[in-house]
Amino acid sequence: MKLGIVGLGYVGLPLAIAFAEAGNDVVGLDSDSAKLADLAAGRSYIEDVAAAELAAVGPRLHPTADYADLEDREAIVICVPTPLSNSREPDLSYLREAAASIAAHLQPGQLIVLESTSYPGTTREELLPALSEGGRVVGEDFYLAFSPERIDPGRSDHTIRTTPKLVGGITPACTERARALYEQICDTVEVLSSPETAELAKLLENIFRSVNIALVNEVAQLCDRLGIDVWEVVDAASTKPFGFMRFDPGPGMGGHCLPVDPFYLAFKAREHDFYPEFVELAGKVNQAQPEFCVRRIERALNGAGKPVKGSKILVLGAAYKPGIGDTRESPALRIMTLLGDLGAEVSYHDPYVPELPSQGLTSVDLDQGLAGADLLAIVTAHPNVDHAAAVAAVPLAIDFRGITRGSGADNVERL
Ligand SMILES: NC(=O)c1ccc[n+]([C@@H]2O[C@H](COP(=O)([O-])OP(=O)(O)OC[C@H]3O[C@@H](n4cnc5c(N)ncnc54)[C@H](O)[C@@H]3O)[C@@H](O)[C@H]2O)c1
């Protein structure tokens with residue numbers, strides 16, 4: 001098939017590669033010229049996509065910024081960002097822009113699929129009117145469906161192929177075309193009755209995680225008061241072979257999805273005079289977790305007779321999770337800001353994040369950062385970092401990920 005992918009980020013690029021590997025001819029469209037230049041030069045900017053994979057599909061992936069290049073495509077998949085505005089409301093500007101550009105070049109018979117996460121109703125309320133401009137009829141002149149992306153960047157045990165794909169079209173013909181499209185790259189395609197069902201299913205998956213992370217973070221705060229090791233508690237509960245699913249405590253939630261998606265659902269719910277309290281409470285608890293971490297840092301320094309002000313604090317790991325360089329909504333950023341506000345001399349090391357323009361910082365060499373640090377804060381435990389050696393190199397460390405458990409070091413405190 002001739003396909004187009006709009007938005008070549010964490011979601012769109014791996015998807016474009018998967019379709020190209022399946023033998024399709026793929027136009028990859030992005031508005032970011034730096035990404036297009038990387039792709040043209042065979043460089044990958046996504047950890048999950050190896051340069052060799054790019055090279056292997058080379059002739060079947062055509063990077064472009066020109067929407068006219070989508071005119072000969074049978075199907076177009078939209079993977080643009082759906083972030084929050086400053087007032088924590090859905091920001092659909094990228095989606096609207098992409099929809100208007102696609103609509104301007106839409107050809108008879110094209111299938112358009114939205115993969116970006118959004119609240120139930122987005123496909124029907126935003127995309128359908130834009131694509132129907134000029135009297136085009138969905139299910140006849142063009143086809144429209146929603147199919148949520150379920151990838152987990154950095155994960156290798158579940159792939160695009162092995163993760164079941166949900167599809168819900170505006171009409172049965174739309175659903176059928178979307179099913180046929182994804183059957184090329186996914187072993188299982190689950191057909192749903194509507195785009196709204198697929199949109200809400202995606203939000204439920206992420207909110208389920210958000211609620212459970214909030215719960216275990218709250219238990220971590222309680223354990224701190226009770227003097228109980230939260231990691232041992234979670235290990236113990238996890239021995240139950242049914243009825244319990246493990247979630248680990250940490251410094252808070254990050255990424256494009258978990259901190260954002262609950263607000264999308266809450267926004268839609270409010271339109272219907274419904275207040276999803278569970279969802280909002282989870283967001284509140286998780287957002288407060290970096291502040292709890294800073295209080296733990298203050299307490300640890302206080303125990304060593306040092307104020308935060310003027311203390312040299314090295315943050316180890318700035319990405320929101322291990323093995324990737326994504327810092328969107330990363331709790332490490334909030335922790336660094338709060339420590340800076342208290343007068344700490346903050347530096348960070350992250351092998352995946354060379355610079356943090358929002359903090360005005362660049363990643364320091366680990367050994368240099370450790371030398372002279374008053375406190376090491378392990379915020380994200382990346383693979384291939386020797387955390388035990390890092391802890392051994394400083395007078396005091398605090399570990400928000402449980403990576404130093406069992407190390408026997410007596411200069412490290414844990415969440
Ligand atoms: N990252 C994840 O783990 C993940 C997982 C599941 C779902 N999602 C969802 O998928 C969507 C995309 O997320 P992402 O992480 O890939 O974002 P991203 O920021 O990594 O990639 C989005 C890309 O879209 C491009 N873009 C923006 N506006 C455009 C436009 N009008 N035309 C063409 N290109 C445009 C950007 O330049 C960028 O390269 C979001 O809705 C997100 O919630 C993300």
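In listed order, ligands and their atoms are each counted from 1.
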Engineer: Output yes when K268 and E125 qualify as a salt bridge under the 4.0 Å nitrogen-oxygen rule, no when they do not.
Structural biologist: yes
Engineer: Nearest protein heavy-atom contact for atom 8 (N) of ligand 1: which residue, which atom, what distance?
Structural biologist: V11 CG2, 3.5 Å
Engineer: Could you tell me if the side chain of R270 sits less than 4.5 Å from the side chain of Y275, heavy atoms only?
Structural biologist: yes
Engineer: Is any side-chain heavy atom of R73 closer than 4.5 Å to a side-chain heavy atom of V27?
Structural biologist: yes
Engineer: Do D91 and S93 have side-chain atoms, one donor and one acceptor, less than 3.5 Å apart?
Structural biologist: yes
Engineer: Hey, does D326 have a side-chain heavy atom less than 4.5 Å from the side chain of Y10?
Structural biologist: yes
Engineer: May I ask you to check if ligand 1 and D326 share an N or O to N or O distance below 3.5 Å?
Structural biologist: no
Engineer: Among all protein heavy atoms, pick out the one at the shortest distance from atom 7 (C) of ligand 1; state its residue, atom name and that distance to 0.1 Å.
Structural biologist: T117 OG1, 3.5 Å
Engineer: Checking K165 against S147: is there a side-chain donor and acceptor pair closer than 3.5 Å?
Structural biologist: yes
Engineer: Using a 4.0 Å heavy-atom cut-off, say whether C257 meets ligand 1 through its side chain, its backbone, both or neither.
Structural biologist: side chain
Engineer: Quick one: does Y10 get an N or O within less than 3.5 Å of an N or O on ligand 1?
Structural biologist: yes
Engineer: Between E199 and T123, is any side-chain donor less than 3.5 angstrom from a side-chain acceptor?
Structural biologist: yes
Engineer: Closer than 4.0 Å to some heavy atom of D32 - which atoms of ligand 1 meet that?
Structural biologist: 37 (O)
Engineer: Could you tell me whether E149 and ligand 1 have an N or O pair separated by under 3.5 Å?
Structural biologist: no
Engineer: Against heavy atoms of L29, which atoms of ligand 1 measure under 4.0 Å?
Structural biologist: 33 (C)
Engineer: What protein heavy atom sits nearest atom 24 (O) of ligand 1, and how far off is it?
Structural biologist: G7 CA, 3.3 Å
Engineer: In the protein, which heavy atom is nearest to atom 3 (O) of ligand 1, and how far is it?
Structural biologist: P153 CD, 3.1 Å
Engineer: Quick test of your reading of the structure: of Y264, Y94, Y45, Y67, whose heavy atom lies closest to atom 33 (C) of ligand 1?
Structural biologist: Y67
Engineer: Does an N or O from D30, backbone or side chain, lie closer than 3.5 Å to an N or O of ligand 1?
Structural biologist: yes
Engineer: Run down the list R328, K35, R96 and name the one with the heavy atom closest to atom 18 (P) of ligand 1.
Structural biologist: R328
Engineer: Any N or O on G12 sitting closer than 3.5 Å to an N or O of ligand 1?
Structural biologist: no
Engineer: So Y67 and H105, would you call those rings parallel, tilted or perpendicular, with 30° and 60° as cut-offs?
Structural biologist: parallel
Engineer: Side chain or backbone of V6 under 4.0 Å from ligand 1, or both, or neither, by non-hydrogen atoms?
Structural biologist: side chain
Engineer: For residues I17 and E21, determine if any side-chain heavy atom of one lies less than 4.5 Å from a side-chain heavy atom of the other.
Structural biologist: yes
Engineer: Give the contacting part of S116 toward ligand 1: side chain, backbone, both or neither, where contact means a heavy-atom distance below 4.0 Å.
Structural biologist: both
Engineer: Distance to 0.1 Å, residue and atom name: give those for the protein heavy atom nearest to atom 21 (O) of ligand 1.
Structural biologist: G9 CA, 3.1 Å
Engineer: Any donor-acceptor pair under 3.5 Å linking the side chain of T175 with the backbone of G169?
Structural biologist: yes
Engineer: Going by heavy atoms in the side chains, are Q287 and P259 under 4.5 Å from each other?
Structural biologist: no
Engineer: Among all protein heavy atoms, pick out the one at the shortest distance from atom 27 (C) of ligand 1; state its residue, atom name and that distance to 0.1 Å.
Structural biologist: P81 CD, 3.5 Å
Engineer: Give the numbers and elements of all ligand 1 atoms closer than 4.0 Å to a heavy atom of T82.
Structural biologist: 40 (C), 41 (O), 43 (O)
Engineer: Using heavy-atom distances, let me know which of L15, L258, I151, V260 sits nearest atom 5 (C) of ligand 1.
Structural biologist: I151
Engineer: Give me the residue, atom name and distance of the protein heavy atom closest to atom 34 (N) of ligand 1.
Structural biologist: S31 N, 3.3 Å
Engineer: Go through the side-chain N and O atoms of D261 and H256 and say whether any donor and acceptor fall under 3.5 Å apart.
Structural biologist: no
Engineer: Among protein heavy atoms, which sits nearest to atom 11 (C) of ligand 1, and what does the distance come to when rounded to 0.1 Å?
Structural biologist: V80 O, 3.4 Å
Engineer: Could you go through Y348 and V346, starting from their C-alpha distance and side-chain angles, then the distance that decides it, and tell me whether this counts as side chain to side chain contact (heavy atoms under 4.5 Å, CB included)?
Structural biologist: CA-CA 7 Å; Y348 84 96; V346 182; 5.8 Å; no
Engineer: Show the numbers, then the answer: is there a side chain to side chain contact (heavy atoms under 4.5 Å, CB included) between Q289 and Q221?
Structural biologist: CA-CA 9 Å; Q289 192 70 356; Q221 295 200 17; 3.0 Å; yes
Engineer: Heavy atom to atom 42 (C) of ligand 1, shortest distance: which of K202, R155, H256 holds it?
Structural biologist: H256
